[in-house]
Every structure is written in C-alpha cells, then in structure tokens.
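Let me begin by presenting the structure, written as structure tokens, before commenting on it.
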Protein chains: 2
Amino acid sequence: MKHVAALAGVGIKTVSRVVNGEPNVSEETAARVWSAVRALDYHVDLQASSMRRAGGRTDTLGLLVSSVDNPFAAAITRAVEDVALTRDVAVFASSLDDDAAREELAVEAFLRRRVDGLILTTMSRSLSYLRPTLERGTPVVCIDREPLAADVDVVVSDNREGAASATRHLIAGGHRRIALIADRPDIQTAVDRRDGFLEALGGAGIPTLDIPVVMGVHDPESAYDAVHALLASENPPTAVVTAQNLITLGALRALQEAGARHTVALVGFDEVSMGDLLDPGVTVVRQDPQSIGRIAAERVFARIDGDESASQRHVVGTELVIRGSGEIRPRDSR
Amino acid sequence: MKHVAALAGVGIKTVSRVVNGEPNVSEETAARVWSAVRALDYHVDLQASSMRRAGGRTDTLGLLVSSVDNPFAAAITRAVEDVALTRDVAVFASSLDDDAAREELAVEAFLRRRVDGLILTTMSRSLSYLRPTLERGTPVVCIDREPLAADVDVVVSDNREGAASATRHLIAGGHRRIALIADRPDIQTAVDRRDGFLEALGGAGIPTLDIPVVMGVHDPESAYDAVHALLASENPPTAVVTAQNLITLGALRALQEAGARHTVALVGFDEVSMGDLLDPGVTVVRQDPQSIGRIAAERVFARIDGDESASQRHVVGTELVIRGSGEIRPRDSR
DNA sequence: ATGAAAGCGCTAACAC
DNA sequence: GTGTTAGCGCTTTCAT
C-alpha cells in the first residue's frame with residue numbers, strides 16, 4: 001500500500017480510501033490510485049486490515065464437518081460456501097473424522113485464525129471447551145448433532161422422527177422382525193435414530209427385546225459384516241433400517257452377495273447416490289443438507305451482525321422416498 | 001498477549017517465547033505463563049504473528065475445485081486437508097462452478113488473505129491473471145486441468161489415455177458405433193477425453209466422421225436428454241462413453257427409462273458411487289483423486305519450503321474397472 | 001479532499 | 001533467562 005501510494009503520488013490513507021470504496025476522494029485521484037494498484041498487482045491485506053478495523057472482523061468462517069468427503073457433509077459445505085460468497089467471506093473447511101481430539105484441535109486452529117464464526121459438527125455433548133469462546137461473543141452454530149448443555153444455535157435433521165417414519169413404513173408393510181444398523185453410540189445422531197427406531201416399534205406394540213440393534217457400525221465394511229452376520233443368524237430379520245449413508249452402502253453389498261436384495265427389505269437414513277437406479281430402488285429417509293448448511297450460515301451471519309436474541313433450534317424435516325427396497329414384503333409373515 | 005503477560009507478571013516477549021515453544025525460558029516462568037494462558041483462554045493471533053514472522057507465512061492454503069459437492073473434488077479436498085493437517089496449515093476451500101469469472105474472484109479472495117500457496121482447478125488456459133502472483137513467488141499447483149502457457153506444477157489424470165482405454169475396451173467388445181457424451185469444450189479435460197476417444201477409434205480404423213460426439217453436456221439432466229435423443233435417432237449407438245461422473249448418472253437414467261441398460265454398453269469416466277451394485281455393474285475408468293490431492297499438496301509445500309526446481313508435471317494413472325455395463329455386446333454387429 | 005500520527009497483536013533484533 | 005524497541009500493513013482519529 002505504501003508503494004501504491006508512492007507510485008500514485010498520494011498519501012497512504014488515500015489509497016486506503018480508494019481501495020475500500022470510501023467517499024471523499026476525487027475521481028482523478030482515484031483513477032491514479034487504481035492504475036498504480038494494477039501496475040503493482042496490489043491486493044489489500046485482509047489480515048492487516050482486520051487488525052485495525054472496528055469489530056476486528058476477518059471475513060472468515062470455520063466449518064467443521066464429519067468429513068468433506070462424505071456426500072452429506074459435502075452438500076452442507078457447498079451450501080455454507082454459497083451463503084458466505086454473497087458476503088465475501090472465505091470458509092475454512094475441516095474434517096472431524098468423528099474424533100473428539102481432532103474436534104478441539106480444529107476449533108483451536110480456527111480460533112487462532114480469528115474466524116468470525118464457527119459452524120460445527122461436534123462429538124462433544126457439552127461444548128465445555130468452547131465456553132470462553134462463547135462468552136467472548138464468537139458465534140457458534142452446531143449442525144447435524146445437538147449439544148446438550150450449551151447455549152448455541154442449532155440446526156439438525158429430525159433424526160428421531162425420520163428413523164421412526166422409516167420404521168413405521170416397514171411395520172406397515174407387514175414386517176415384525178426389523179434390524180437396525182447404526183453408527184457409534186458416541187455419535188449423537190446414531191442414538192437419536194435408534195431411539196426413533198425403538199419408539200416406532202414400541203408404538204406398534206412390537207416387543208423390542210429381541211430386536212437386533214447393532215450399534216458401532218461406522219463404515220461400509222463393518223456394515224457389510226453386520227448384515228452378513230444378521231442374515232446368517234438363527235432368526236434373520238425380514239427388514240433392515242440402516243442409519244447412515246455409508247452403512248446403507250455396506251448393507252446393500254451384503255444383501256447383494258447373499259442374493260437377498262429382493263427378499264429382505266431395506267430403508268436407509270440419508271440419501272444415497274443412484275438410489276433410484278438400483279433394482280430394487282433404495283427407499284431412504286432423505287435429509288436436506290442444503291437447507292441445513294444454508295440455515296446454519298444464515299444464523300452465524302445474523303449473530304455476526306449483532307443478533308442477540310435467544311439461541312434458536314432449527315429442525316430440518318426429512319422425507320421418506322419410496323423406491324422399492326422398503327416395500328418388499330416379509331417372506332414369512334406368520 | 002499483553003494481558004497474559006500482565007497476569008503472569010512477565011514481559012510480553014516471554015509470553016511469545018513460551019507460546020511458540022522457543023528456548024531460554026525457565027520451567028517456572030513457563031508454567032506461570034501457561035496458567036495465565038489458560039485462565040484467559042488465550043489463543044495466539046496467527047494473523048498478527050504472520051505479519052512479523054520471517055517469510056510472512058500465514059499457514060494457510062487456497063484450494064479451488066470444480067465444486068466441493070462433486071465426489072471427485074471432495075476426495076481431492078480431503079486429501080489436501082490431510083496433508084495440510086500434518087503441517088498445521090488450514091485450507092480455504094472454494095468452488096469454481098466452471099465459471100471463469102468466479103475463478104478470478106476466488107483467487108483474488110485467496111490472495112487478499114495472503115495464502116501461502118494455491119491449488120487450483122482452472123478454466124483459464126493461460127493463467128495470465130496469475131502472472132504477477134507467480135513472479136512474486138507464490139506457489140501455484142494446477143490440478144485436474146492443465147494450463148497451456150504457465151510455468152506451474154501440474155497434477156492431472158491421464159485423461160486422453162483413460163478415455164482411449166475405455167473406447168478400446170468397447171471396440172474390443174465388437175462395438176463400432178460408439179457415442180461420446182462429454183462436458184463443455186471450454187473445460188479442458190472434456191477436450192482431452194474426446195481426443196482420446198477419437199484417437200482410439202482412429203487407431204482401430206473406425207471412421208470417426210459420423211460417430212456421435214456430443215459436447216457441452218454439463219449435468220445429469222442434459223446427459224439424460226442427450227442419451228435419450230441418441231437412442232431415438234435413426235442409427236442409435238450400440239455403446240456410449242460418458243466423459244464425467246454426472247454425465248454417467250444422467251446417461252444411466254436415460255438407458256434405464258429406455259429399458260436399454262442391458263442392451264446398450266456404457267463405460268463411464270470417473271468412478272460412480274454404487275457402480276458395483278447396479279445391474280449390470282457400471283464399468284468405469286477410475287481416477288485417483290486421493291493421489292491427485294496428496295501429490296498437489298506435497299508439491300505446494302515443497303515449493304513453500306523453497307524448492308526452486310523446474311516445474312513438474314505429474315500424471316496420475318487411471319484404471320479400467322470392469323463391472324458389466326462395458327461388456328455388453330452389440331446387438332446388430334454386422 | 002487529503003494526510004500524519006497512533007496503534008491493532010505480534011516477532012526480530014538487540015539489549016541487559 | 002528476560003525485557004525493550006521497532007515495525008509488519010493497515011484503519012482510526014484528528015488535522016489541515
């Protein structure tokens with residue numbers, strides 16, 4: 001900026017005014033400054049400017065998702081990015097990998113870079129490590145998973161009801177012996193979905209005692225193994241609810257290998273790509289990651305803009321998409 | 001930091017030393033500083049420190065991909081993130097949306113934030129707008145697409161050979177009338193893949209004059225339309241090469257609707273999720289986005305670390321994955 | 001309409 | 001082992 005000022009033959013503050021579009025600069029001066037800017041390929045240093053700027057904003061956001069690699073998280077990331085773009089805010093995207101230690105490290109990295117706000121998928125139920133940050137006024141929005149003991153904005157899917165609707169759908173189809181394959185119990189959505197599953201069974205008067213509920217399944221491989229084991233068991237389920245997109249994938253592979261794609265019903269939680277092209281099509285409870293990302297971004301920015309109202313809780317609805325796999329009838333409906 | 005120093009009863013520089021793990025601080029003093037750090041929930045300001053630090057590094061990377069939402073780009077993003085994490089570098093991820101204007105804006109946004117290096121998927125063939133940046137020594141690595149007239153490191157798939165191998169595979173299966181559905185001609189990989197396609201046909205002595213080559217197909221919907229039109233044409237192809245993952249998806253839907261999934265052969269470029277679960281399985285030329293991302297990140301960091309050697313060109317191989325759709329024989333092989 | 005001076009939070013260089 | 005000073009690139013405040 002010093003150099004630009006020198007080349008344009010003006011004071012350093014005038015350059016600042018021009019570059020930031022502030023008033024009180026003559027057309028002529030502005031033109032001279034702009035040509036110097038171009039000649040030197042000058043770009044404002046946002047870091048330096050944020051140090052003095054009122055409010056100290058960095059025009060930067062920290063986004064923590066399960067893994068940028070997962071389609072659900074990728075859609076959220078994209079939605080956040082799109083909102084941020086309208087405000088010239090850049091977003092740091094980071095993967096949690098469902099590792100509590102990594103969560104704190106990532107947030108620490110965001111904080112060191114003085115992000116204006118945080119959108120977080122967390123393992124932590126209490127967010128205790130964030131207490132001082134919250135007190136200092138840094139906006140935090142939790143997505144996908146809901147912390148218990150923290151006063152923050154939250155945007156989540158209706159996990160419980162979504163899982164319940166999947167289960168009710170299978171029950172309505174005549175199934176009584178329905179298995180659930182869900183993620184690790186330290187992941188909150190896994191627990192919510194299990195609760196919805198059990199609630200639906202209870203609501204239908206189906207005893208849940210010997211219903212196979214397999215938790216701790218985190219990837220397609222272990223989902224494959226879990227379904228494989230279920231099918232080989234003494235009293236195999238006639239239907240399966242898979243509580244997460246990667247689990248659905250592994251379960252489909254296991255059913256495929258067992259030649260059971262057309263005999264064992266399946267409803268997945270979360271959309272799977274090409275679900276409509278399989279035979280049978282994959283019935284799923286579809287989430288709406290775009291809305292989750294968009295709403296979360298809107299909430300952070302509202303807070304950044306000074307919204308001091310009570311923390312909000314947004315529940316984004318799910319939708320049962322019927323494609324065939326969930327409509328298979330039980331073979332031995334006695 | 002001032003406050004920490006005051007609370008710990010030491011000078012500000014001592015806090016700096018402790019926090020940055022520099023030597024020459026007594027255990028006792030360090031302990032006092034750390035407890036003050038914790039009491040105040042202090043986090044170093046990386047922005048401020050980077051202003052004074054020798055080299056002025058910000059420990060920040062800019063990554064531009066087609067869309068963080070696309071599985072191919074998402075895998076690259078994840079790989080870059082993983083390498084960056086080992087160096088405590090944060091990455092700004094941004095989507096290009098195959099829009100040249102957006103490209104320059106995104107890079108400008110990165111530059112304003114003084115990223116240490118750029119990993120870019122570009123539309124621009126010349127990278128002329130990056131000339132000053134390159135001269136200033138900011139490392140740039142181009143991925144997926146290869147600029148013509150810029151002296152930068154490049155990491156790309158072997159698009160031409162990959163497309164050629166897909167085509168040769170179909171020719172070996174007896175196909176003579178093979179259609180290509182590819183992306184917009186301003187996207188370089190689309191052109192490369194078309195060239196590979198035509199090269200393979202030429203190599204087999206198949207006249208390419210009336211071979212259907214549909215360019216400008218960017219999303220599943222237009223791919224659907226394109227395949228639909230081809231099937232309805234006077235002389236429909238017996239096989240299709242789809243040059244990109246979203247195109248493959250749309251093409252499969254069109255074949256499905258036409259009841260032609262088992263009669264018209266298909267080989268896709270780029271992996272599709274659940275490709276093994278379809279009937280027939282989807283034969284694809286698999287790229288290796290993880291390697292692309294990893295190598296690109298390693299190159300940027302090597303440059304950041306002072307590697308001044310000539311710019312490198314890494315070609316990451318592709319692999320033909322045979323699953324069924326590419327092995328369908330032509331019906332009317334006369 | 002323009003510029004000079006102060007200082008944001010930090011580290012390099014040099015005291016002590 | 002520790003503190004002081006200067007200054008990174010910028011914006012704020014206040015003069016002119």
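Just so it is clear, the model here is predicted, and its values are computed rather than measured. Any value given below was found using the heavy atoms of this structure, including those in side chains, with hydrogens, waters and symmetry copies removed.
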message: Under 3.5 Å, is there a donor on one side chain and an acceptor on the other for A:S67 and B:R78?
response: yes
- prompt: What is the distance from NZ of A:K2 to P of D:dC10, rounded to the nearest Å?
  reply: 10 Å
- request: Starting from C1' on D:dT2, measure out to CG on B:N24 and report it in whole angstrom.
  value: 9 Å
field: Most 5' of B:V15 and A:Q47 on DNA chain D, judged by nearest nucleotide
entry: B:V15
query: So, is B:T14 close to the D:dG3 phosphate, meaning a side-chain N or O under 4.0 Å from OP1 or OP2?
result: yes
message: Is it the case that over 12 heavy atoms from other parts of the model lie below 6.0 angstrom from the CZ atom of B:R131?
response: no
- prompt: Which listed nucleotide (D:dT11, C:dA12, D:dC10) is nearest to the side chain of A:K13?
  reply: D:dT11
Distance, rounded to the nearest Å, where B:L46 contributes CG and C:dT11 contributes C1': 13 Å
query: Hey, does the side-chain of B:R17 have a donor or acceptor N/O within less than 3.5 Å of a partner on the base of D:dG3?
result: yes
message: Can you tell me if A:S26 touches the phosphate of C:dT2, counting only side-chain N or O atoms and a distance under 4.0 Å to OP1 or OP2?
response: yes
message: Using a 6.0 Å cut-off, check whether atom CZ of B:R125 has over 12 heavy atoms from anything other than its own residue.
response: yes
message: Measure CD/B:E28 against C1'/D:dG1 and give the value in whole Å, please.
response: 12 Å
Protein-nucleotide distance (B:R57, atom CZ; C:dA12, atom P), rounded to Å: 12 Å
task: Please determine if B:R87 and B:D116 form a salt bridge, counting it only when a charged side-chain N lies under 4.0 Å from a carboxylate O.
output: no
query: Within this structure, what is the CD-to-P distance between A:E22 and D:dT13, rounded to whole angstrom?
result: 11 Å
- request: Specify the separation, in whole Å, of atom CE of A:M1 and atom C1' of D:dC8.
  value: 14 Å
- request: Using a 4.0 Å heavy-atom cut-off across all strands, classify A:T29 as base, sugar-phosphate, or nothing.
  value: sugar-phosphate
- request: Measure from CZ on B:R52 to C1' on D:dC8 and round the result to the nearest Å.
  value: 5 Å
- prompt: Pick the nucleotide of DNA chain D nearest each of B:M51 and B:I12; which residue has the one closer to the 5' end?
  reply: B:I12
- prompt: At under 4.0 Å, does any side-chain N or O of A:S16 touch on OP1 or OP2 of D:dC10?
  reply: no
- prompt: Can B:R299 and B:D305 be counted as an ion pair, charged N to O under 4.0 angstrom?
  reply: no
